[in-house]
Structure formats: C-alpha cells, structure tokens
Amino acid sequence: MLFMASFNVILRHLRQQHKLTQKQLAAKLGLSYSAISMYERGQREPDFATLESIAEYFNVTISYLYGKGPEVQSRYAFQSELPLPETTRHNTVRIIGRDGSYQERQLTDEQMDALRKMIKLLPDFED
C-alpha cells in the first residue's frame, strides 16, 4: 500500500529544505508562529490566500502542497523517507495515518522488543 504525504508533511519538509525555523517562515509570510506550527501539526488548514502565499514563496503549486501530481507523488510516496525530528527520543515510535497525521508514543524496552519481532514477521512486498 502506498501512503501519500499530506499538506502538513509537505509544508514541514519544504521549510526544512529551505533551512527555516517556523518563526522565520511565519515572518516571511506575515503569519504568526502558532499558525505555521498548527499547519505542520495538521491541526489547522490555511485559507486560500495563505496557500497562494506559501506556494509562491516555495515556488510550487497549491496542488503540490496537497500532494497532487506525479512529481509530488514520487517524491513523497513514503513518509518514512522523510527525516525524523532531531528531538526524537529513545523508544519513541511515530504512527503515521493515511492522511499524513501522526501520533508519537513512548514505549518501554519490552514493547520495543515486541514491536521489532512483529516487524520482522512482515513479508516484503511491492506495489
């Protein structure tokens, strides 16, 4: 099964590619830091004017920001290829939903061992 990235994942990745903090991007777009933060966490969606500003700043289309088109789909086909935040802690797992949202869970060593065993049991597959 192929999972596609959503707006929040693509926005975060574009910002990181341009080596910007959330505060820096907010200032460049005339937005609040909290708006950028909520967009990247998938807790809020920008309005159309803001989408246009974001697309223009990163020189991409609005469709690109929403994961539409072959160039985006090939780039963001597997979210696991995106770098994890440097703040990822020991025994933290990220559960990624089909819509690109995610939850982080802190597991015990025993739970991590059980998870590793289950992953080893999964068959290799291709789409």
Quiz item: For I10 and Y66, what are the C-alpha separation, side-chain angles and deciding distance, and is it a side chain to side chain contact (heavy atoms under 4.5 Å, CB included)?
Solution: CA-CA 8 Å; I10 293 171; Y66 278 96; over 6 Å; no

Exercise. Answer with yes or no whether the side chains of Q22 and Y39 bring together a donor and an acceptor at under 3.5 Å.
Key: no

Exercise. Locate the shortest heavy-atom distance separating L29 from S53; write the atom from each residue and the value.
Key: CD2-O, 3.7 Å

Exercise. Would you indicate whether E56, at its atom CD, is surrounded by more than 12 heavy atoms from other residues, nucleotides or ligands within a distance under 6.0 Å?
Key: no

Practice problem: Can you measure from CD (E40) to CD (Q16) and round to the nearest 0.5 angstrom? | Solution: 7.0 Å

Quiz item: Closest heavy-atom contact between K23 and Y33?
Solution: CG-CD1, 3.5 Å

Quiz prompt | Under the side-chain hydrogen bond (donor to acceptor under 3.5 Å, both in side chains) test, residues paired with D47 that sit two or more places apart | solution = T50

Exercise. Would you please test F48 and I62 for side chain to side chain contact (heavy atoms under 4.5 Å, CB included) and show each step?
Key: CA-CA 9 Å; F48 187 75; I62 292 174; 3.6 Å; yes

Self-check item: Distance, nearest 0.5 Å, that separates CD of Q24 from NZ of K19
Solution: 12.0 Å

Quiz item: Below 4.5 Å, heavy atoms only, C-beta onward: do L14 and L25 meet side chain to side chain?
Solution: no

Self-check item: Separation between CD1 of I36 and CG of L20, rounded to the nearest 0.5 Å
Solution: 10.0 Å

Quiz item: Is H13 reaching over with its side chain to a backbone N or O of V9, donor-acceptor style, under 3.5 angstrom?
Solution: no

Quiz item: Can you tell me how far NE2 of H18 sits from CG of N59, rounded to the nearest 0.5 angstrom?
Solution: 8.0 Å

Practice problem: Nearest 0.5 Å please: distance from the OG atom of S34 over to the CD atom of Q43. | Solution: 10.5 Å

Quiz item: Which heavy atom in R41 sits nearest to a heavy atom in N8, and how many Å separate them?
Solution: C-ND2, 4.0 Å

